[in-house]
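Structure, as structure tokens:
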Amino acid sequence: MSAYDTKTIEPKWQKAWDEAGTFVATKEGGKPKYYVLEMFPYPSGRIHIGHVRNYTMGDVIARYKLSTGHNVLHPMGFDAFGMPAENAAMAIGGHPKTWTYENIDTMVAQMKPLGFGLDWSRMFATCDPEYYGQQQSMFIDFLEKGLVYRKNATVNWDPVDMTVLANEQVIDGKGWRSGAEVVRRELTQWFFKISDFSEELLDAIDGLDNWPAKVKLMQSNWIGKSRGLQFSFEGTDGCQAIEVYTTRPDTLMGASFVGISPDHPIAKELAETNPDVAAFRAEVAKGGTTAEALDKAEKLGLDTGLKVKHPLNPDWVLPVWIANFILMDYGTGAIFGCPAHDQRDLDFCRKYALPVIDTFLAPENPMPVRDEAFVPPKTEKVRWLNHFAGLDLATGDEAIDATIDFAEKAGWGKGVTNYRLRDWGLSRQRYWGCPIPVIHCDDCGVVPEKKENLPVELPEDVTFDVPGNPLDRHPTWRDCACPSCGKPAKRETDTMDTFVDSSWYFARFTAPRATTPTSMEDAEYWMNVDQYIGGIEHAILHLLYSRFFARAMHICGHLPASAIEPFDALFTQGMVTHAIYVTRDENDRPVYHFPEDVEVHESGARLGATGQEVEIIPSAKMSKSKKNVVDPVAIIDQYGADTARWFVLSDSPPERDVEWTASGAEASAKHLARVHRIASEIANASDNEGNAAEDQDLMRATHKAIHDVTMGVDTFGFNAAIAKLYAFTNALQKSKASTPTKRDAAKTLAQLMAPFTPHLSEEVWSMLGGEGLIANAQWPVADESLLVEDTVTLPIQINGKRRAEISVPKDMDKAEVEKLALANDAVVKALAGGQPKKLIVVPGRIVNVVI
RNA sequence: GCCCGAGUGGCGGAAUGGUAGACGCAGCGGAUUCAAAAUCCGCCGCCCAAAAGGCGUGGGGGUUCGACUCCCCCCUCGGGCACCA
């Protein structure tokens with residue numbers, strides 16, 4: 001009997017699949033298609049155990065669908081542009097391109113031994129000029145269709161390094177390298193008009209039936225549709241009118257100030273002549289640009305001295321303040337503050353001694369507001385005080401509607417629908433990204449590059465010894481002739497956000513070598529992605545941008561109308577987490593360490609090499625930059641790919657995060673060896689006559705396993721499917737059935753395991769005389785008649801607590817069950833001669849006696 | 001700060017509103033062995049000497065004959081917050 005030797009088995013079957021072209025996607029045979037896609041990886045250097053988990057899930061689906069008669073597309077590529085490559089070039093020298101392609105080679109070499117059923121012939125990286133050239137071509141199409149434009153937007157500016165920083169490069173409001181206080185600065189940047197699609201993107205969420213509800217909810221909230229009132233506060237002498245947007249117009253009588261954003265045109269204008277305003281704007285421009293930073297920053301205001309008139313009473317004037325919590329991008333960049341019914345406004349008014357005016361009170365317990373704003377749900381009735389639209393007892397929602405009506409009729413305001421969703425800024429002042437294919441000409445303005453000159457390739461002769469974008473200081477690349485008039489002009493030196501790269505790769509996989517962005521014929525056949533798998537961290541940005549992009553691509557003729565929602569079903573897998581180990585350098589900046597370099601004891605953790613004490617930060621998503629990654633290569637080396645694949649899907653439900661622990665892989669390896677051993681014994685056993693009852697039992701167990709495992713795979717219950725496979729293996733091992741029945745059962749076991757442990761399954765299949773490759777064998781179908789049990793065990797509860805059980809025929813009628821239950825010892829004892837208050841019989845389920 | 005999730009034995013976790021803890025790990029006991037590894041068999045939520053019984057799904061309330069599951073409040077942890085990918 002041969003041992004379970006993964007080092008010979010696994011390469012053998014990988015070669016067999018390769019030679020048979022098992023996983024090369026084709027459109028032939030008139031079979032239904034199935035497109036399964038896992039979010040493609042960033043080539044950080046080496047794969048980690050989270051990648052293995054993610055791609056194994058996709059592979060289980062891909063192999064299962066192949067065996068249920070589908071033409072399967074299961075591709076792989078790399079999201080290869082981005083900051084880490086430039087950081088590596090800065091830190092260790094070399095070129096981002098070299099670093100990136102070497103990483104890709106390494107990762108492919110690590111993925112191949114895992115035996116994923118991928119169509120490697122379709123692989124590409126987004127930094128391939130063939131890919132980003134097509135992206136540039138689409139950018140030009142988008143420009144023609146008015147889907148791209150330029151405007152000013154704020155960036156994190158490092159005044160020492162004289163460069164733009166990413167949010168993650170701003171630590172506590174300071175630049176990560178220079179340590180200088182970051183300031184917000186405006187630059188002219190490129191934007192996609194995603195906001196034109198707000199309503200459509202929101203509406204279409206309803207149709208995403210196979211998306212997780214939480215993702216749909218997150219996207220809805222992100223788009224943030226609101227209805228409110230837009231109107232102007234007339235200025236008094238010297239002040240222009242200020243247009244505001246409010247979602248609570250009903251509280252207008254509670255207004256105590258008008259607030260404008262520090263970036264509001266009026267604030268900017270004032271700053272030119274008023275040094276206090278200029279100083280205030282400079283002060284609040286410190287720190288990062290993130291919503292979180294702005295939200296958490298201390299609320300600061302400055303009285304401009306300007307006054308405006310209340311729209312309902314021209315004698316009532318309100319002061320105009322500049323406040324740092326008002327965003328220029330949302331609404332009109334100006335608000336009125338109603339402290340009685342908004343906690344932030346209340347804090348602001350208490351801080352700056354502005355009045356607080358109640359506009360409504362709780363019907364019972366009508367207490368005026370002191371230090372806590374009164375903000376009941378908008379569906380709750382409240383008592384209005386002198387409401388201008390004549391309301392007395394009404395809900396917030398009713399009051400808002402009535403107010404908008406009132407203002408529209410009176411002609412001083414109009415109801416407006418607003419969205420929180422902002423246009424997508426795609427400009428990046430960095431080298432390692434897709435160049436934006438436009439040229440700036442003094443005479444012609446912004447001119448797109450001619451399509452025949454695409455791709456606009458990145459120049460290779462660049463260095464990263466100076467901060468900033470090397471494209472900016474590369475005259476021979478930057479200087480060019482205007483495509484329109486031929487005069488000397490300059491190329492755009494901004495590159496695209498890497499989210500652009502990942503917003504259409506799924507479409508490119510359908511025709512990865514096409515000389516246009518997509519091929520309609522292939523897109524029509526393969527789109528949509530039937531099952532998309534990726535991390536919940538992409539719930540909003542990547543998935544929303546992709547939904548926008550598919551629409552934009554359709555408008556430009558690159559995708560059929562049927563593909564504007566590109567992902568039919570979405571599954572968000574949990575992350576593999578691990579503690580982070582960190583020490584501090586001489587400047588108190590964090591230095592991260594790999595788990596294998598750290599020795600963890602009960603008393604604490606130390607660096608293996610130096611014994612230096614290490615701080616342990618609780619588990620977080622595995623990330624190369626934090627070095628809390630586990631390399632699967634050692635596990636594959638020691639136990640084989642199937643063990644790694646089996647292990648990452650067993651135990652934890654796929655949607656949940658898992659904390660990585662090294663123990664447990666061995667147990668998986670033992671189980672697979674046991675399956676191999678059982679199968680070998682059965683393969684070598686001579687035919688015999690078992691007894692009929694044993695045969696019947698094993699057949700029932702087999703069909704139960706087919707049913708349960710199929711359901712598990714269909715519903716992403718991989719851990720549950722694996723538990724059933726354990727149970728079935730136990731049943732097979734203990735069975736006294738005849739050899740032919742056992743052989744059939746073992747072949748079925750191999751088939752059911754094949755999506756998870758394809759190499760072992762092929763081996764067992766061939767050992768037992770299975771025909772051809774198990775990868776191509778038809779998935780087994782459960783015989784319903786073998787699934788039903790004749791008798792069922794009914795638990796008997798007394799007052800909801802289980803006290804006994806009875807065994808009854810499956811279809812025994814209710815009255816009979818009641819009789820049996822009342823005759824049960826435990827029930828008789830509990831009743832003590834009395835009558836039950838209530839008797840509940842759920843046929844086939846449970847009996848509950850209420851006493 | 002705002003939006004979205006998750007929390008069940010020593011551990012990973014199972015459970016259409018119907019027997020809480022399937023399956024696996026660890027642990028304990030046994031068989032086999034000169035011995036060990038491997039393998040096989042059994043036990044295994046907590047309290048109680050055991051039985052009977054009681055308690056038990058992050059905490060507190062509620063709905064229900066019956067709640068891990070539904071509702072309300074709270075705690076802790078995780079994800080996202082538009083330039084990490």
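Numbers restart at 1 for each chain; the letters A, B, ... are given by sequence-line order, proteins then strands.
Pairing partner, B/rC77: B/rG5, with both Watson-Crick or wobble hydrogen-bond distances short of 3.5 Å. Nucleotide B/rU39 has B/rA31 as its partner under the Watson-Crick or G-U criteria, with both atom distances under 3.5 Å. B/rG53: Watson-Crick or G-U partner is B/rC47, with both key distances under 3.5 Å. Partner assigned to B/rG10 is B/rC25, using Watson-Crick or G-U wobble distances below 3.5 angstrom.
For B/rC81, neither phosphate oxygen OP1 nor OP2 lies less than 4.0 angstrom from any side-chain nitrogen or oxygen of A/Arg422. Within the 4.0 Å cut-off from OP1 or OP2 of B/rG13, at least one side-chain nitrogen or oxygen of A/Ser652 is found. Not one side-chain nitrogen or oxygen of A/Asn221 sits closer than 4.0 Å to the OP1 or OP2 atom of B/rC2. Distances shown here put a side-chain N or O of A/Lys838 below 4.0 Å from the OP1 or OP2 atom of B/rC65. One finds no side-chain N or O of A/Gln219 lying less than 4.0 angstrom from the OP1 or OP2 phosphate oxygen of B/rG80. Phosphate contact (OP1/OP2 of B/rA38, side-chain N/O of A/Arg674, threshold under 4.0 Å): absent. Under 4.0 angstrom from either OP1 or OP2 of B/rU19 there lies no side-chain N or O belonging to A/Asn848. Neither OP1 nor OP2 of B/rC83 sits under 4.0 Å from any side-chain N or O of A/Arg430.
At the heavy-atom level, A/Asn799 lies nowhere under 4.0 Å from the strands shown. Within the nucleic acid shown, A/Leu839 has no heavy atom closer than 4.0 Å to any nucleic acid atom. Note on A/Lys837: nothing from the nucleic acid sits closer than 4.0 angstrom, heavy atoms only. Counting any heavy atom pair closer than 4.0 Å across all strands shown, A/Gln189 reaches a base atom. Here A/Val850 lies in heavy-atom contact (under 4.0 Å) with sugar-phosphate atoms only. If you check every strand for non-hydrogen atoms under 4.0 Å, A/Gly425 touches sugar and phosphate atoms only.
Between A/Trp424 and A/Phe548, the ring planes lie perpendicular to each other; the angle is over 60°, past the 30° to 60° tilted range. Ring geometry for A/Tyr42 against A/Trp99 counts as tilted: the plane angle lies between 30° and 60°, on a 0 to 90° scale.
Distances from the side chain of A/Trp222 to the nucleotides B/rC83, B/rC81, B/rC4 place B/rC81 closest. Of all nucleotides listed (B/rA82, B/rA20, B/rG12), B/rA20 comes nearest to the side chain of A/Gln797. Proximity note for A/Ile846 (side chain, C-beta onward) versus B/rU19, B/rC83, B/rA14: the nearest is B/rU19. When each of B/rG1, B/rC23, B/rU19 is scored by its nearest atom to the side-chain atoms of A/Lys296, the top-ranked nucleotide is B/rG1. Side chain of A/Leu217, nearest nucleotide from B/rC83, B/rC4, B/rG18: B/rC4.
In this structure, CD of A/Glu666 is placed 16 Å from P of B/rG24, rounded to the nearest angstrom. B/rG53 atom C1' lies 11 Å from atom NZ of A/Lys801, rounded to whole Å. In this structure, CH2 of A/Trp432 is placed 13 Å from P of B/rA85, rounded to the nearest angstrom. Across the protein-nucleic acid pair, A/Ile722 atom CD1 and B/rG13 atom P stand 14 Å apart, rounded to whole Å. Between the CZ atom of A/Arg845 and the P atom of B/rA15 there is a distance of 13 Å, given to the nearest Å. One interatomic measurement links the two molecules: NE2 of A/His671 to P of B/rA26, which rounds to 14 Å at whole-angstrom precision.
Ring pair A/Tyr726/A/Phe728: centre-to-centre distance not below 6.0 Å. Under the 6.0 Å cut-off for aromatic ring centres, A/Phe81 and A/Tyr132 qualify, their centroids lying closer than that. In this structure, the ring of A/Trp211 has its center no less than 6.0 angstrom from the ring center of A/Tyr532. The aromatic ring centres of A/Phe647 and A/Tyr639 sit 6.0 Å or more apart.
The residue among A/Lys670 and A/Gly800 whose nearest nucleotide of RNA chain B is located toward the 5' end is A/Lys670. With the nearest nucleotide of RNA chain B identified for both A/Lys724 and A/Asp295, A/Asp295 has the one nearer the 5' end.
Checked by atom type, the side-chain pair A/Asp501/A/Gln135 shows a donor-acceptor distance below 3.5 Å.
For B/rG54, the glycosidic angle deviates from 0 by more than 90°, giving an anti base.
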